[in-house]
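We name chains A, B, ... by the order of the sequence lines, and we start the count at 1 in each one.
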2 protein chains.
Amino acid sequence: MARSRGRRAGDDVSPGGPDVFSADCPSRLVVERIGDKWTLLVFMALRRRVLRFGELRDLVGAVTPKVLTQTLRSLERDGLVTRTVYAEVPPRVEYALTDLGRSLLGPIDAIRAWSEENGERIAASRAAAAARVGA
Amino acid sequence: MARSRGRRAGDDVSPGGPDVFSADCPSRLVVERIGDKWTLLVFMALRRRVLRFGELRDLVGAVTPKVLTQTLRSLERDGLVTRTVYAEVPPRVEYALTDLGRSLLGPIDAIRAWSEENGERIAASRAAAAARVGA
DNA sequence: TGCCATACTTCCCGGATGGATACCATGGCG
DNA sequence: CGCCATGGTATCCATCCGGGAAGTATGGCA
């Protein structure tokens with residue numbers, strides 16, 4: 001025991017930020033939030049205009065209704081999109097980004113810019129590693 | 001059939017970018033890459049200096065050696081960190097960010113800044129929704 | 001002859017994630 | 001009466017991610 005776990009004083013790892021290593025670090029919250037399979041696509045689809053459920057489903061592509069519903073409900077729960085139901089027949093439901101959701105487009109675009117510049121490098125490195133294993 | 005799936009011409013969803021909806025969209029690649037449980041912590045830990053396996057494990061906290069190894073190997077595979085083994089006894093292994101990895105710190109910081117500003121809003125919205133269900 | 005430290009690896013397991021398929025509710029319309 | 005469209009639910013299932021506990025390899029040292 002007494003195996004000195006955790007950070008010692010002087011381990012200044014984060015320049016000017018709060019504790020980056022706490023389990024509930026806000027960066028992790030957000031990255032996990034947008035890190036699932038369909039969220040980013042939904043954001044891209046809603047970036048320009050309000051969309052109905054079916055439009056979203058067709059735009060995003062291979063998503064099943066169950067999973068799309070899950071994604072949208074969780075985004076609504078987190079205050080990033082709104083869900084508006086019109087009492088018509090057949091039913092009409094519209095989804096839109098909230099202000100909060102729209103403000104997240106900035107950081108997302110930072111990722112996107114980096115990805116478009118460097119994504120190939122990652123893919124290449126990954127492919128090279130796979131080739132080494134395969135050979 | 002013939003149920004008009006997919007985008008139609010004129011659905012200009014992405015301002016100036018390539019196809020955001022392709023399955024291998026680079027943004028998704030990167031977000032999935034950093035979206036797992038420990039990658040962000042490893043990045044934060046390695047941002048300032050090279051670290052040994054044990055240092056990393058102690059800094060990050062509750063990660064088990066198996067999972068930390070997995071995380072590091074996949075980061076190495078993708079060209080984001082280097083792994084240097086010194087043939088000593090007991091063994092010494094050092095991990096460091098590559099240039100590519102360091103360049104990713106920029107976008108990560110964009111997320112971090114947004115998170116520190118807005119993370120609470122998400123948490124609050126989520127808590128409010130949970131309270132509505134619980135009540 | 002053990003014992004130590006480091007940096008793993010192996011095995012097994014449980015929970016979460018996402019997918020396939022089928023079904024449901026409403027009310028206008030023919 | 002039965003069909004249509006929309007926007008979902010319900011049910012079941014395969015896969016994956018991560019976790020716990022224990023084992024491995026090396027060689028110096030007491």
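- Nucleotide dT9(D) holds its P atom 10 Å from the CD atom of Gln70(A), rounded to whole Å.
- Summarising the geometry, the separation between CD on Glu55(B) and P on dA5(C) is reported as 17 Å, rounded to the nearest angstrom.
- Distances were taken from every side-chain heavy atom of Trp38(A) (C-beta onward) to each of dG18(C), dG7(D), dA20(C); the shortest belongs to dG18(C).
- The CD atom of Glu94(A) sits 14 Å away from the P atom of dT6(D) (whole-angstrom rounding).
- In this structure, Arg83(B) forms no cation-pi arrangement with Tyr95(B), as its terminal cationic atom is not both closer than 6.0 Å to the ring centre and no more than 45° off the ring axis.
- Contacts of Tyr95(B) with the nucleic acid, taken as non-hydrogen atoms under 4.0 Å apart, involve only primed sugar atoms and P, OP1 or OP2.
- For Val89(A), the listed nucleotide lying nearest its side chain is dG27(C); candidates were dG27(C), dG18(C), dT6(D).
- Between the CG atom of Asp58(A) and the P atom of dA5(D) there is a distance of 14 Å, rounded to whole Å.
- Counting non-hydrogen atoms of other residues, nucleotides and ligands closer than 6.0 Å to CD of Glu32(B) gives a total above 12.
- The side chain of Thr64(A) lies closest to dA20(C), out of dA20(C), dT6(C), dT9(D).
- Put simply, the side chain of Ser125(B) gets close to the backbone of Arg77(A): a donor and an acceptor are under 3.5 Å apart.
- Set against dT6(D), dG18(D), dA7(C), the side chain of Arg83(B) has dA7(C) as its closest nucleotide.
- Rounded to whole angstrom, the span from the CG atom of Leu72(B) across to the C1' atom of dT9(C) amounts to 15 Å.
- Distance NZ (Lys37(B)) to C1' (dG19(D)): 8 Å, rounded to an integer number of Å.
- Atom P of nucleotide dG18(C) and atom CG of Leu68(A) are separated by 12 Å, given to the nearest angstrom.
- When distances are taken from the side chain of Lys66(B) to each of dG19(D), dG18(C), dC8(C), the shortest belongs to dG19(D).
- Both Thr71(B) and Phe53(A) lie near DNA chain D, and the one whose nearest nucleotide falls closer to the 5' end is Phe53(A).
- With no hydrogens or angles considered, no side-chain donor-acceptor pair links Thr84(B) and Arg92(B) at under 3.5 Å.
- Distance from the side chain of Pro65(B) is smallest for dC8(C) among the nucleotides dG19(C), dG8(D), dC8(C).
- For Arg52(A), counting side-chain heavy atoms from C-beta on, the closest listed nucleotide (dG18(C), dT6(D), dT6(C)) is dT6(D).
- The side chain of Arg73(B) contributes an N or O atom lying less than 4.0 Å from OP1 or OP2 of dT9(C).
- Glu88(B) has its CD atom 16 Å from the C1' atom of dA25(D), to the nearest Å.
- Ser115(A) and Arg28(B) share no side-chain donor-acceptor pair at under 3.5 Å.
- Ranking dG19(D), dT6(D), dG18(C) by closeness to the Pro90(A) side chain, first place goes to dT6(D).
- Relative to the side chain of Thr69(A), the nucleotides dT6(C), dG19(D), dG8(D) differ in distance, and dG8(D) lies closest.
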